[in-house]
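A short write-up of the structure that comes next.
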Amino acid sequence: MKYYSLNQQAPEVSFEEAVIQGLAPDKGLYFPKEIKPLPAAFFENIDHLSNETIAYEAIKQFVGDEIPEGELKKIIAETLCFDFPTVKVEENIYSLELYHGPTMAFKDVGARFMSRCLAYFNQNKPHQKNTVLVATSGDTGGAVASGFLGVPGVDVVILYPSGKVSDIQERQLTTLGQNVRALEVDGVFDDCQDMVKKAFLDESLAHLNLTSANSINIARWLPQMFYFIFAYKQLRKTQKPLVVSCPSGNFGNICAGIMAKRLGLPILHFVAATNINDTVPEFLKTGKYEPKPSKATLSNAMDVGNPSNFIRIRALYHDDLEQFKKDFTSFSYTDAQTVDAMKQVYDQTGYIAEPHGAVGYLGLKEELKGYKNAVGVFLETAHPIKFLDTVEKELNITLPIPEQIQTVMGKEKIKKPIKTYDELKDFLNALS
Ligand SMILES: *Cc1c(COP(=O)(O)O)cnc(C)c1O
């Protein structure tokens with residue numbers, strides 16, 4: 001499969017090159033040249049297929065022959081080492097729980113898949129080193145640290161804003177050691193992001209083969225298609241059309257869902273539910289795309305003012321807004337509405353949703369008002385324990401600490417404080 005840059009000013013590349021580069025030299029996001037639907041029989045017979053088979057069939061055209069079948073199947077098996085249950089919350093409303101992986105957020109899927117692809121591409125190049133450089137507002141850091149831990153030939157450097165991530169999130173990215181290093185930046189998330197962007201453009205760092213591990217990287221984005229298909233497999237028995245609501249920040253998850261629909265997955269409608277960072281809902285209302293600086297909310301993994309994957313969604317619809325609106329709605333919610341939804345769901349059903357899932361739930365409820373006979377699923381993108389303070393305070397409960405989290409609780413946090421880009425550069429140069 002060939003990939004082209006959505007900025008149209010860079011050469012086409014292979015899957016391998018797109019994964020290793022992350023972003024195209026013209027700063028565009030890579031996008032597959034072609035998307036071939038799967039045969040209808042695949043979806044009709046899905047009850048008989050394992051998650052691993054489903055994932056292999058979904059991704060194989062995007063990898064082509066660059067990873068042999070046996071290797072790709074192994075990568076998929078290691079990626080999908082946990083469950084993706086759809087849990088009934090109320091009549092016709094299900095939660096797709098994406099948080100049963102090692103760091104308890106959906107980003108485990110993309111991080112595990114991408115790290116294993118990089119490891120495969122590096123295995124015959126003993127002198128090649130790649131450095132994964134990533135800025136995190138919370139969940140990406142932990143998933144990338146865990147996914148890339150011990151991968152040969154890959155150094156991982158994670159930048160996070162001092163005091164802006166939760167204690168558990170900080171432990172997940174500072175306690176692993178080995179090839180994973182954490183830099184605690186005296187600043188906010190945008191400062192971390194700016195330093196990372198500057199490093200990618202810095203020719204004096206070219207020898208480090210820097211790549212990104214957020215959803216702009218196709219190997220982190222594309223495997224997110226898998227669990228939309230798993231949800232369909234589980235909810236097919238309802239024999240009702242499916243509406244899917246994604247709590248959205250950078251819009252990578254929902255864009256992967258739309259890709260799955262392009263493969264033929266019968267999803268009737270998508271909802272992108274956001275917090276008050278409402279660039280996309282506003283765009284759908286006014287037709288004007290106006291990125292804004294991000295505002296802090298309780299659903300902090302969605303505090304994004306300029307969602308990087310939205311350009312891919314536009315490409316999927318050839319910028320035809322009317323066509324796009326047939327498949328897609330977007331709503332935004334305040335923190336007060338989010339907390340009300342958490343409380344209401346808990347009081348009425350006993351289900352514990354954390355703030356991101358609650359935003360997804362709200363969007364789903366709103367959209368479902370327009371349908372007589374649909375079933376809805378919202379993505380529960382993180383385990384409530386990751387947003388412990390909000391969940392315990394608002395629901396007045398105590399959460400037991402899951403095993404995955406207990407393992408990082410007792411370990412020492414190892415991190416280097418930095419303030420300036422030059423300090424980042426010195427740190428990176430000292431790695432090589
Ligand atoms: C990253 C994240 C999101 C947002 O996903 P996007 O693909 O960026 O839209 C939502 N919820 C949680 C818990 C996350 O970590």
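Counting convention: from 1, in listed order, for ligands and their atoms alike.
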[X] N/O to ligand 1 N/O under 3.5 Å:
X    : answer
Q224 : no
H356 : no
F251 : yes
N250 : yes
G252 : yes

Does any donor atom in the side chain of T131 or D155 lie under 3.5 Å from an acceptor atom in the other side chain?
-> no
Is a side-chain donor-acceptor pair under 3.5 Å present for N214 with N250?
->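 No.
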K107, E354, M302: member with heavy atom nearest to atom 2 (C) of ligand 1 =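 Checking each option, the heavy atom nearest atom 2 (C) of ligand 1 is found in K107.
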Is it true that Y99 lies under 4.0 Å from ligand 1, counting heavy atoms only?
-> no
Mind checking whether A105 has a heavy atom under 4.0 Å from ligand 1?
-> no
Taking only heavy atoms of N253 into account, list the atoms of ligand 1 that are under 4.0 Å away from them.
-> 7 (O)
Before accepting this row, confirm whether a basic side-chain N of the pair E78/R116 lies closer than 4.0 Å to the acidic partner's carboxylate O.
-> yes
